[in-house]
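Structure first, commentary second.
Source: prediction; values computed, not measured. Any value given below was found using the heavy atoms of this structure, including those in side chains, with hydrogens, waters and symmetry copies removed. When a ligand or atom number is given, it counts from 1 through the structure's own listing order.
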Amino acid sequence: MARIISIFNQKGGVGKTTSVVNIASALGKLGKKVLVVDIDPQGNATSGLGVDKNSHKTIYSLLLNSNFEDGYLKETSSKNVSLIPANSELAGTEVELVNLEDRELRLKNALEKFENDFDYILIDPPPSLGQLSINALVASDSIIIPIQAEYYALEGVSELVKTYNLVKDTLNKDLEIEGVLISMFDGRNNLALEVLEEVKKYFKSKVFKTSIPRNIRVAEAPSYGLSVIDYDENSKGAKAYMKIAKEIVRNNKR
Ligand SMILES: Nc1ncnc2c1ncn2[C@@H]1O[C@H](COP(=O)(O)OP(=O)(O)O)[C@@H](O)[C@H]1O
Ligand SMILES: [Mg+2]
């Protein structure tokens with residue numbers, strides 16, 4: 001059975017998609033079978049892993065029609081990594097889901113079909129706290145919280161934790177925090193160091209030992225449809241994401 005992890009932070013631009021793509025790729029390099037599930041209408045994880053956003057059979061039809069036929073799993077540019085794509089079709093889903101009785105369970109039910117074929121399933125939710133994000137939290141065993149080490153980093157974290165606790169108290173009692181990931185870290189910047197200390201005070205041992213440095217190679221890779229590990233495995237960004245994947249494997253013993 002796969003360990004299902006959502007990369008969760010309702011703030012945009014904090015490194016969610018970058019982390020989904022690169023953690024997936026790094027786990028794949030370690031020999032794990034990984035499925036990335038893109039549930040952001042922007043489809044950045046889809047294009048970032050070299051999959052055509054105009055693909056047939058996206059997460060949209062899987063969620064709305066519970067259409068469990070084959071053809072949803074796409075091959076990506078990264079070894080051992082498969083993907084269920086998303087595109088702008090998904091934008092209306094927030095509204096369409098509201099009318100369904102099992103609206104919070106759609107993703108969980110849809111993923112059951114794939115759970116036995118993968119070691120890890122990573123979900124990339126949109127930057128909001130709507131139905132799609134709730135579906136991600138309900139379907140997951142755990143969340144990784146990416147936090148950008150900047151002035152407003154902790155703003156919104158209490159809201160995030162509130163949502164996490166709400167889901168844990170109601171729809172998914174077993175939901176855990178897999179880890180808190182410092183993204184785009186610049187160790188020469190005193191503010192970034194202060195933020196890191198604040199985050200550690202708040203989340204304690206949940207903070208991953210490895211931080212992801214701000215690294216131009218990480219930002220360049222998606223325009224080639226590659227993870228940073230496939231784009232430049234010797235870059236600082238690639239090495240940091242490999243270390244995070246090893247921490248995840250160690251913590252899960254799988
Ligand atoms: N470690 C990093 N170094 C440099 N740029 C980064 C890094 N991580 C993310 N970025 C860039 O920051 C922007 C936002 O990241 P993204 O993963 O798309 O955030 P989100 O999915 O949370 O909106 C993107 O342009 C991405 O390329
Ligand atoms: Mg994103």
Side-chain angles (χ1 to χ4, degrees), residues 5-26 36-51 53 58-59 76-78 83-88 90-91 93-94 122-130 132-133 135-137 143-157 159-160 163 178-189 192 195-196 199 207-208 210-245:
I5 305 174
S6 281
I7 315 297
F8 183 64
N9 188 330
Q10 78 279 9
K11 260 177 109 170
V14 296
K16 280 188 296 296
T17 300
T18 304
S19 297
V20 166
V21 165
N22 292 312
I23 292 172
S25 179
V36 170
V37 183
D38 193 354
I39 60 164
D40 184 347
Q42 294 180 67
N44 292 340
T46 299
S47 53
L49 280 163
V51 175
K53 277 203 229 180
T58 64
I59 190 69
T76 71
S77 57
S78 204
L83 173 125
I84 301 176
N87 58 32
S88 54
L90 193 59
T93 318
E94 296 282 353
L122 301 183
I123 305 173
D124 187 18
S128 62
L129 288 176
L132 287 169
S133 288
N135 264 270
L137 295 181
I143 60 172
I144 289 176
I145 304 170
I147 292 182
Q148 193 182 342
E150 48 153 56
Y151 187 57
Y152 292 109
L154 286 169
E155 195 187 67
V157 166
E159 197 186 355
L160 183 164
T163 306
E178 186 76 41
V180 175
L181 176 68
I182 302 294
S183 64
M184 296 178 247
F185 184 67
D186 178 0
R188 296 164 303 184
N189 179 335
V195 170
L196 176 60
V199 170
V207 182
F208 283 112
T210 312
S211 297
I212 306 300
R214 189 175 275 288
N215 175 227
I216 183 73
R217 308 303 263 174
V218 174
E220 286 169 357
S223 58
Y224 298 91
L226 296 172
S227 75
V228 71
I229 297 142
D230 290 310
Y231 177 62
D232 182 356
E233 64 173 342
N234 292 317
S235 63
K236 282 186 183 158
K239 286 180 179 161
Y241 274 113
M242 284 304 303
K243 280 193 185 171
I244 291 288

So, regarding G13 and ligand 1 (criterion: nitrogen or oxygen to nitrogen or oxygen, under 3.5 Å), is there a contact or not? yes

In this structure, does ligand 1 have an atom that sits under 4.0 Å from one of the heavy atoms of G237? no

Closest non-hydrogen atom pair, S223 against E220: OG-O, 2.8 Å

Under 3.5 Å between any N/O of K16 and any N/O of ligand 1: does that happen in this structure? yes

S211 side-chain N/O to F185 backbone N/O, donor-acceptor pair under 3.5 Å: no

Starting from atom 27 (O) of ligand 1, find the nearest protein heavy-atom neighbour and note its residue, name and distance. A219 CA, 3.6 Å

May I ask whether P127 places a heavy atom under 4.0 Å from ligand 1? no

The closest protein heavy-atom partner of atom 8 (N) of ligand 1 is M184 CG, 3.5 Å

The reported gap from CD1 in I145 to CD in Q10 (rounded to nearest 0.5 angstrom) is 9.5 Å

Specify the closest pair of heavy atoms between S235 and V228, including all atoms of both residues, with the distance to one decimal. OG-CG2, 3.5 Å

Does the S6 side chain pair with the main chain of F8, one donor and one acceptor, at a distance under 3.5 Å? no

Taking atom types as modelled, is there a side-chain donor on S19 or Y241 under 3.5 Å from an acceptor on the other? yes

Within 6.0 angstrom of K53 NZ, more than 12 heavy atoms from elsewhere: yes

Contact between ligand 1 and V14 is defined here as a heavy atom of the residue under 4.0 Å from a ligand atom; is it met? yes

Quick one: closest heavy-atom pair of T46 and P85, and the distance? OG1-CA, 3.4 Å

Any idea which of N44, N215, T18, V21 brings a heavy atom closest to atom 17 (O) of ligand 1? T18

Should you measure from each heavy atom of I212, which atoms of ligand 1 turn up under 4.0 Å away? 1 (N)

Looking only at protein heavy atoms, what sits closest to atom 19 (O) of ligand 1 is G15 N, 3.1 Å

What's the spacing between K239 NZ and R217 CZ if we round to 0.5 Å? 12.5 Å

Please list, in number order, the atoms of ligand 1 under 4.0 Å from a heavy atom of G12. 23 (O)

Has N44 got an N, O or S atom lying less than 2.8 Å from the Mg ion (ligand 2)? no

Taking atom 1 (N) of ligand 1 as the reference point, the nearest protein heavy atom with its distance: P213 O, 2.9 Å

Taking atom 24 (C) of ligand 1 as the reference point, report whether a protein heavy atom occurs under 4.0 Å from it. no

Distance flag for atom 13 (C) of ligand 1, protein heavy atom under 4.0 Å: no

Please verify whether a non-hydrogen atom of S183 lies at under 4.0 Å from ligand 1. no

Test side chain to side chain donor-acceptor pair (under 3.5 Å) on S25 and N22; report intermediate values, then the result. CA-CA 5 Å; S25 179; N22 292 312; 5.6 Å; no

